[in-house]
Amino acid sequence: MTLNVLILCTHNSARSVLAEGMLNHWAQKLGKDVKAFSAGSAPSGRINPFAIDVLQAAGVNTEGFRSKSWDEFTTPAMQVVITVCDSAAQEACPYWPGTRVKIHWGYPDPSNTEGGDEAKRQAFELTRQAISYRMLQLLALDNPEAMSDAELQERLRRISAS
């Protein structure tokens, strides 16, 4: 059974896109039955080009990536919802059928980096690496679909503390 993970950030233009790309990339490479989706409560309508650049440089296929509203997700059922920006974590998330657990893994917004394009590119790359590390930890969980909701919540909480 596929473990569906919805990753939320307010504008769905940077951090949530990085997380979706890295989780799907690693799941495919490792042969894990996990599928990531990303969305925002107020999508910007575009993905930050630095997010696309660093994902492509990491070998992620970004074809078809777009900024999406969380209203689009009525199917498939999401077992895990992860917020990656503090503003999204403060919002009242709608209910998704099948949602077992919610967790907040916050990251600073690399879009707010000062110092020109090279500084932004570096901030996006560092954010991609940090997100990638947590996504690998999620994929390292043994049989998350068979865990109780409380056990899965606790394991995800431990990942956020590492």
Side-chain angles (χ1 to χ4, degrees), residues 1-91 93-94 96-99 101-113 116-141 144 156 159-160:
M1 181 176 117
T2 302
L3 181 72
N4 292 309
V5 179
L6 181 59
I7 304 154
L8 302 175
C9 193
T10 303
H11 301 295
N12 190 224
S13 63
R15 293 164 283 183
S16 55
V17 172
L18 292 170
E20 175 187 16
M22 292 313 303
L23 184 54
N24 286 333
H25 175 76
W26 288 124
Q28 181 182 18
K29 290 246 184 235
L30 299 171
K32 299 286 188 164
D33 195 10
V34 175
K35 178 71 176 152
F37 303 87
S38 70
S41 58
S44 67
R46 69 173 199 69
I47 296 175
N48 190 301
F50 290 111
I52 296 296
D53 288 351
V54 300
L55 285 169
Q56 288 175 343
V60 175
N61 178 356
T62 60
E63 186 177 329
F65 276 36
R66 64 183 180 82
S67 182
K68 302 170 289 297
S69 171
W70 66 18
D71 295 334
E72 292 184 32
F73 291 93
T74 55
T75 60
M78 300 295 164
Q79 288 81 27
V80 177
V81 174
I82 301 170
T83 53
V84 291
C85 70
D86 294 340
S87 59
Q90 300 303 317
E91 296 179 53
C93 289
W96 283 280
T99 301
V101 298
K102 294 179 185 174
I103 191 82
H104 177 61
W105 291 347
Y107 301 91
D109 187 354
S111 303
N112 292 335
T113 302
D117 284 357
E118 194 48 45
K120 279 191 194 270
R121 188 170 282 105
Q122 182 178 15
F124 270 85
E125 175 56 19
L126 291 172
T127 302
R128 185 202 64 77
Q129 289 176 21
I131 288 171
S132 182
Y133 177 70
R134 280 202 179 139
M135 295 305 147
L136 282 168
Q137 289 178 297
L138 187 155
L139 291 169
L141 294 176
L156 294 174
I159 290 170
S160 70

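We use all heavy atoms of the structure for the numbers below, so side chains are in, but hydrogens, waters and symmetry mates are not.
Considering CG of L3 and CG of L141, their distance stands at 9.0 Å, rounded to 0.5 Å. Going from atom CH2 of W26 over to atom CE of M135 covers 13.0 Å, rounded to the nearest 0.5 Å. Taking OG of S38 as the reference point, atom CZ of R15 lies at 12.5 Å (rounded to 0.5 Å). Rounded to the nearest 0.5 Å, atoms CD1 (I7) and CH2 (W105) are 8.5 Å apart. Note that CG of L126 and OH of Y107 are 13.0 Å apart. Values are rounded to the nearest 0.5 Å. Atom CG of residue D53 and atom CZ of residue R128 lie 12.0 Å apart, to the nearest 0.5 angstrom.
Distance alone, capped at 3.5 Å, places no donor-acceptor pair between the E20 side chain and the F37 backbone. Looking only at distances, a side-chain donor or acceptor of D33 sits under 3.5 Å from a matching main-chain atom of T2. H11 places a side-chain N or O within donor-acceptor distance of the main-chain N or O of A42, the cut-off being under 3.5 Å. Listed for the K35 side chain is no donor-acceptor partner under 3.5 Å among the backbone atoms of N24.
Residues M22 and L55 share a closest heavy-atom pair of SD-CD2, 3.7 Å. V54 and R121 make their closest contact through CG1-O, 4.0 Å (heavy atoms, listed as atom of the first residue, atom of the second, distance). Closest heavy-atom contact between P43 and S67: CB-OG, 3.3 Å. Here the closest heavy-atom approach between residue K120 and residue T113 is recorded as NZ-O, 3.4 Å. Looking at every heavy atom in both residues, A27 comes nearest to V34 through CB-O, 3.6 Å. Taking both residues in full, the closest heavy atoms of A51 and S13 are given as CB-O, 4.1 Å, listed atom of the first, atom of the second, then distance.
When side chains are defined from C-beta on, M78 does not count as touching V80, because their heavy atoms never get closer than 4.5 Å. Looking at L8 and S16, their side chains never come closer than 4.5 Å, going by heavy atoms from C-beta outward.
When only modelled atom types and interatomic distance are considered, E125 and Q129 share a side-chain donor-acceptor pair under 3.5 Å. Using a 3.5 Å distance cut-off with no hydrogens or angles, the side chains of S111 and D109 do pair a donor with an acceptor.
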Stepwise side-chain contact (heavy atoms from CB on, under 4.5 Å) check, F124 with L18: CA-CA 9 Å; F124 270 85; L18 292 170; 4.3 Å; yes
Criterion side-chain contact (heavy atoms from CB on, under 4.5 Å) on T62 and I47, from CA distance to verdict: CA-CA 11 Å; T62 60; I47 296 175; over 6 Å; no
List the steps, then state whether side-chain contact (heavy atoms from CB on, under 4.5 Å) holds for L136 with R134. CA-CA 5 Å; L136 282 168; R134 280 202 179 139; over 6 Å; no
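In Q28, the CD atom is not crowded: 12 or fewer heavy atoms of neighbouring residues, nucleotides or ligands sit closer than 6.0 Å.
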